**Student:** 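Let me give you the structure first, and then I'll get to my questions.
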Amino acid sequence: MATINFGGVLEDVVTREEFPMDKAREVLKNETIAIIGYGVQGPGQALNLKDNGFNVIIGQRKNSKTWDKAVADGWVPGQTLFEIEEAAQKGTIIQYLLSDAGQITLWPTLKPFLTKGKALYFSHGFGITYKEQTNIIPPADVDVILVAPKGSGTSLRRLFLAGQGLNSSFAIFQDATGKARERVIALGIGVGSGYLFETDFKKEVYSDLTGERGTLMGAIQGIFAAQYQTLRSNGHSPSEAFNETVEELTQSLMPLVAENGMDWMYANCSTTAQRGALDWWKKFKDATQPVFDELYASVAAGKEAKRSIDSNGQVDYRDKLNKELEELRNSEMWQAGAAVRKLRPGK
């Protein structure tokens, strides 16, 4: 592992230089990787592993949209695409990439195929961390490991095709074979990680649930909506309000942050913008810090997990979810956004 200085804190990470793809292939040369679930993470991880030369099969229900998607992506029924039970039986490493609710439902079906020496792989620590609620309790004689790319499966695939990578965390919950560490790092390299940093299942899910509800999705939408509303209520047009709230951030400024940090982005804006940002960022931090503290406490107490299980376990949860997403989609701000995107040069 390489020791890197992260803002004054030394941390060990795994890079492609010290654990190259050839080594990953050697570690997994006798393994069959069965991807169970072809929704959010499944396609990106499966296709990247296949393109990197690993032995990958897909387990999915026939006559489903995801089965059809797998076929469209080049997986061949009876050769690399199977019903879930057959794929689980064939796999020596089972990547359990269904939604959290889907994992709970399928667990009684999958568990009998977790025979001695196999590895059970997750990309989210939810099922194991909240096992009292999910009832996902693996047998003692299998490895239980995790690789969690820090982004969507779509982003993982796009970056892979661009010759880049998405950073991932990795964790070992159970090392029954003595090979769990090599297995998980090889899989992390194989799915296309930029670098790998170690965590545990609980920390992964705590940080993940906080991030999704916070700056990655929930908080950013809330801040967007608040600023957009303020601008609109003060007479600004939808186009002006959206461009100042979302378009400039996503298309111009955040790429600069990704390139070289927040200070670099500030330095590439006007001195008036810099002065205002420096004056106001701590006020926003002070205003939101109690909300983030409340959020983390809710995650740690299991309240967010319970809310997710209760909501997403309902028969009609997808219909209810789509209605809530439709509310976002049909809001003036995101309707304005759709119009703005159509007007981008090259569209």
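These numbers come from the heavy atoms of this one structure, side chains and all, not from hydrogens, waters or symmetry mates. Just so you know, these numbers come straight off a predicted model, no measurement behind them.
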**Student:** Below 6.0 angstrom between ring centroids: does that apply to Y228 and F224?
**Tutor:** no

**Student:** For residues L120 and F113, determine if any side-chain heavy atom of one lies less than 4.5 Å from a side-chain heavy atom of the other.
**Tutor:** no

**Student:** Go through the structure and list residues passing salt bridge (Lys or Arg N to Asp or Glu O under 4.0 Å) with E248, not counting sequence neighbours.
**Tutor:** none

**Student:** Can you tell if the side chain of P149 reaches within under 4.5 Å of the side chain of S193, non-hydrogen atoms only?
**Tutor:** no

**Student:** Students often mix this up, so state it plainly: with edges at 30° and 60°, are the rings of Y96 and F122 parallel, tilted or perpendicular?
**Tutor:** perpendicular

**Student:** Would you indicate whether K111, at its atom NZ, is surrounded by more than 12 heavy atoms from other residues, nucleotides or ligands within a distance under 6.0 Å?
**Tutor:** yes

**Student:** Is the closest side-chain heavy-atom distance between D310 and Y317 below 4.5 Å?
**Tutor:** no

**Student:** Ion pair present between D175 and R183, side-chain N to carboxylate O less than 4.0 angstrom?
**Tutor:** no

**Student:** Would you say R275 has more than 12 foreign heavy atoms packed within less than 6.0 Å of its CZ?
**Tutor:** yes

**Student:** Is a salt bridge present between R25 and E31, judged by a nitrogen-to-oxygen distance below 4.0 Å?
**Tutor:** no

**Student:** Cluster question for you: counting only ILVMFWY and a side-chain heavy-atom cut-off of under 4.5 Å, with indirect links fine, are L231 and M333 together?
**Tutor:** no

**Student:** Around atom CD of Q229, are there more than 12 heavy atoms of other residues, nucleotides or ligands at under 6.0 Å?
**Tutor:** no

**Student:** Would you indicate whether the side-chain heavy atoms of I35 and V56 approach each other to under 4.5 Å?
**Tutor:** yes

**Student:** Any ion pair linking K29 and E26 (charged N to carboxylate O, less than 4.0 Å)?
**Tutor:** yes

**Student:** Quick check: do N322 and R329 have side-chain heavy atoms less than 4.5 Å from each other?
**Tutor:** no

**Student:** Can you establish whether the number of heavy atoms outside E327 located under 6.0 Å from its atom CD is more than 12?
**Tutor:** no

**Student:** Search all heavy atoms of S123 against all heavy atoms of L97 and return the closest pair with its distance.
**Tutor:** OG-CD2, 3.5 Å

**Student:** List the atom of I220, the atom of T215, and the distance in Å for their closest heavy-atom pair.
**Tutor:** CB-O, 3.5 Å

**Student:** Between K306 and I309, is any pair of side-chain heavy atoms under 4.5 Å apart?
**Tutor:** no

**Student:** Any chance CD of E294 has more than 12 other-residue heavy atoms, nucleotides or ligands included, within less than 6.0 Å?
**Tutor:** no

**Student:** State whether the number of non-hydrogen atoms from other residues, nucleotides or ligands found under 6.0 Å of R318 atom CZ is greater than 12.
**Tutor:** no

**Student:** Taking the ring centre of each residue, are F242 and W334 less than 6.0 Å apart?
**Tutor:** yes

**Student:** Report the C-alpha distance between D143 and Y121 in whole Å, list the side-chain angles of each, state the deciding distance to 0.1 Å, and finish with yes or no for side chain to side chain donor-acceptor pair (under 3.5 Å).
**Tutor:** CA-CA 8 Å; D143 292 341; Y121 167 113; over 6 Å; no

**Student:** Locate the shortest heavy-atom distance separating I145 from A119; write the atom from each residue and the value.
**Tutor:** CD1-CB, 4.3 Å

